[in-house]
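All figures in this text were calculated on a predicted structure; none of them were measured in a lab. The chains referred to below are lettered A, B, ... by the order of the sequence lines, with proteins before strands, and numbering in each begins at 1.
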There are 2 protein chains.
Amino acid sequence: MTGSHTLGETEARVANRLSHMTLDFEAMAVMSNLFRAASAVRNHFERNVLAESGLSWTAFVVLWVTWIWEPAETRDIAAEAGISKATLTGVLSTLEKLELVRRERSANDGRLVLVKLTTQGKALMETLFPAFNRQEIEVVSPVADEKRGELADMLRAITANIEG
Amino acid sequence: MTGSHTLGETEARVANRLSHMTLDFEAMAVMSNLFRAASAVRNHFERNVLAESGLSWTAFVVLWVTWIWEPAETRDIAAEAGISKATLTGVLSTLEKLELVRRERSANDGRLVLVKLTTQGKALMETLFPAFNRQEIEVVSPVADEKRGELADMLRAITANIEG
DNA sequence: GAAATATTGTTCGTATCCAAACAATCTCAA
DNA sequence: TTGAGATTGTTTGGATACGAACAATATTTC
């Protein structure tokens, strides 16, 4: 993930390249670190937790959302997972092929598709999710205990500001 | 991005579903908000800044890294952009088709490929990057001025902890 | 200097990922 | 009740995404 250049080097080089522009480097640093962190954490989880189950990151998120909300409507799953409904169609097909999930037409509304976990899907989540959480603890560990609430709040505020 | 359920609802439902497990909900909240924020910001940028240029998020990042470091070696671009070299090959082909970038064999080392921006590529970045930064300022605005450094530091620490 | 080893970018196969077009279904007004 | 409009999940087409295998080139080893 990290290149051969340090972040300081990059910022100095950027400053030089952009010396004729008026820029907010602090905002830039926040955004840059946000994406680096998200990408690094995601790759870390895919390799260390998800790989042995053969699940992609998105597949896991979809499985998780379904687990929490089942029977879940696909539009809600897509929104909650942060992916388009077109993407969800493909991911659900993958999860169905793995027999972790089952699609069902809604009786009340013929347009809707309800998604449920199979017995295997539930069993997988029962072991996978605690393993996932153990890694979450590991990943967050460099942030001081008393700062974590603040960190979550700031990230939440950024999201709310965009989507509001 | 946000579903019809609030984050509080989700957490309550998760707590109920997982009541028999020992979990760190604060670590979970930090990770959850990290991905929500990254995803929301990325989508926001793709739709509001990048769409008119016909660039994807990744294409922009690659273009940006190349702009800063040109002539840039592909292995460095991939590392700096946080994508695999296989992915970079495809993205560079896209950027070359758009005539924003040029590939060149290195004279010193026949294995290396050097990447440079075309005149059009430079012109695009001259207007696109300031527009990008203006949106960055907007996105970060809900975080108090004096907290932004801390936020960047915490995210940096998480990344370093994983990759170290 | 020749052979073994390492490194680099591309290709291949497969899985995401999205916007836009689409068919099926539902809602609601007239 | 019938027809216009809205909503939902899928399909389509094209770009991204990765690991693994690959050919080309450099480096190391003896």
Listed partners of Asn161(A) passing side-chain hydrogen bond (donor to acceptor under 3.5 Å, both in side chains), at least two apart: none
For Gly90(A), answer base if it contacts any base atom (sugar-phosphate contacts may also be present), sugar-phosphate if it contacts only those atoms, and nothing otherwise; contact means non-hydrogen atoms under 4.0 Å. nothing
Do the side-chain N or O atoms of Arg105(A) get closer than 4.0 angstrom to the phosphate oxygens (OP1, OP2) of dA24(C)? no
Excluding sequence neighbours, so at least two apart, what forms salt bridge (charged side-chain N to carboxylate O under 4.0 Å, His left out) with [X]?
{"X": "Asp24(A)", "answer": "none"}
{"X": "Arg111(B)", "answer": "Asp109(B)"}
{"X": "Glu104(B)", "answer": "Arg102(B), Lys116(B)"}
{"X": "Glu99(B)", "answer": "none"}

Report the residue (Lys97(B) or Leu88(B)) whose heavy-atom-nearest nucleotide on DNA chain D is the more 5′ of the two. Lys97(B)
Under 3.5 Å, sequence neighbours excluded: what are the donor-acceptor pairs made by side chains of residues 81-88 of chain B?
| residue | atom | partner | partner atom | Å |
| --- | --- | --- | --- | --- |
| Ser84(B) | OG | Thr87(B) | N | 3.1 |
| Ser84(B) | OG | Thr87(B) | OG1 | 3.1 |

What side-chain donor-acceptor pairs closer than 3.5 Å can you find for residues 50-65 of chain A, not counting sequence neighbours?
| residue | atom | partner | partner atom | Å |
| --- | --- | --- | --- | --- |
| Ser56(A) | OG | Ala59(A) | N | 3.0 |

Please list, pair by pair, any protein nitrogen or oxygen found under 3.5 Å from a nitrogen or oxygen in nucleotides 5-7 of chain C.
| residue | atom | partner | partner atom | Å |
| --- | --- | --- | --- | --- |
| dT7(C) | O4' | Arg111(B) | NH1 | 3.4 |
| dT7(C) | O2 | Arg111(B) | NH1 | 3.3 |

Please list each protein N or O that sits under 3.5 Å from an N or O in nucleotides 19-21 of chain C, with the distance.
| residue | atom | partner | partner atom | Å |
| --- | --- | --- | --- | --- |
| dA19(C) | OP1 | Arg47(B) | NH1 | 2.8 |

Same cluster (ILVMFWY, side-chain, under 4.5 Å), Met125(B) and Leu98(B): yes
Are Thr74(A) and Arg103(A) close enough that a side-chain donor and a side-chain acceptor fall under 3.5 Å? no
Just how far, in rounded Å, is P of dA23(C) from CG of Leu112(A)? 20 Å
Going by heavy atoms closer than 4.0 Å, what residues in residues 52-68 of chain B are next to DNA chain C? none
Give every donor-acceptor pair under 3.5 Å between a side-chain atom in residues 139-149 of chain A and any protein atom, sequence neighbours left out.
| residue | atom | partner | partner atom | Å |
| --- | --- | --- | --- | --- |
| Ser141(A) | OG | Glu138(A) | O | 2.6 |
| Asp145(A) | OD1 | Arg148(A) | NH1 | 3.0 |
| Lys147(A) | NZ | Glu150(B) | OE2 | 2.8 |
| Arg148(A) | NE | Val143(A) | O | 2.9 |
| Arg148(A) | NH2 | Val143(A) | O | 3.0 |

Terminal contacting nucleotides, 5' and 3', DNA chain D versus chain A (heavy atom, 4.0 Å): dT7(D) to dG19(D)
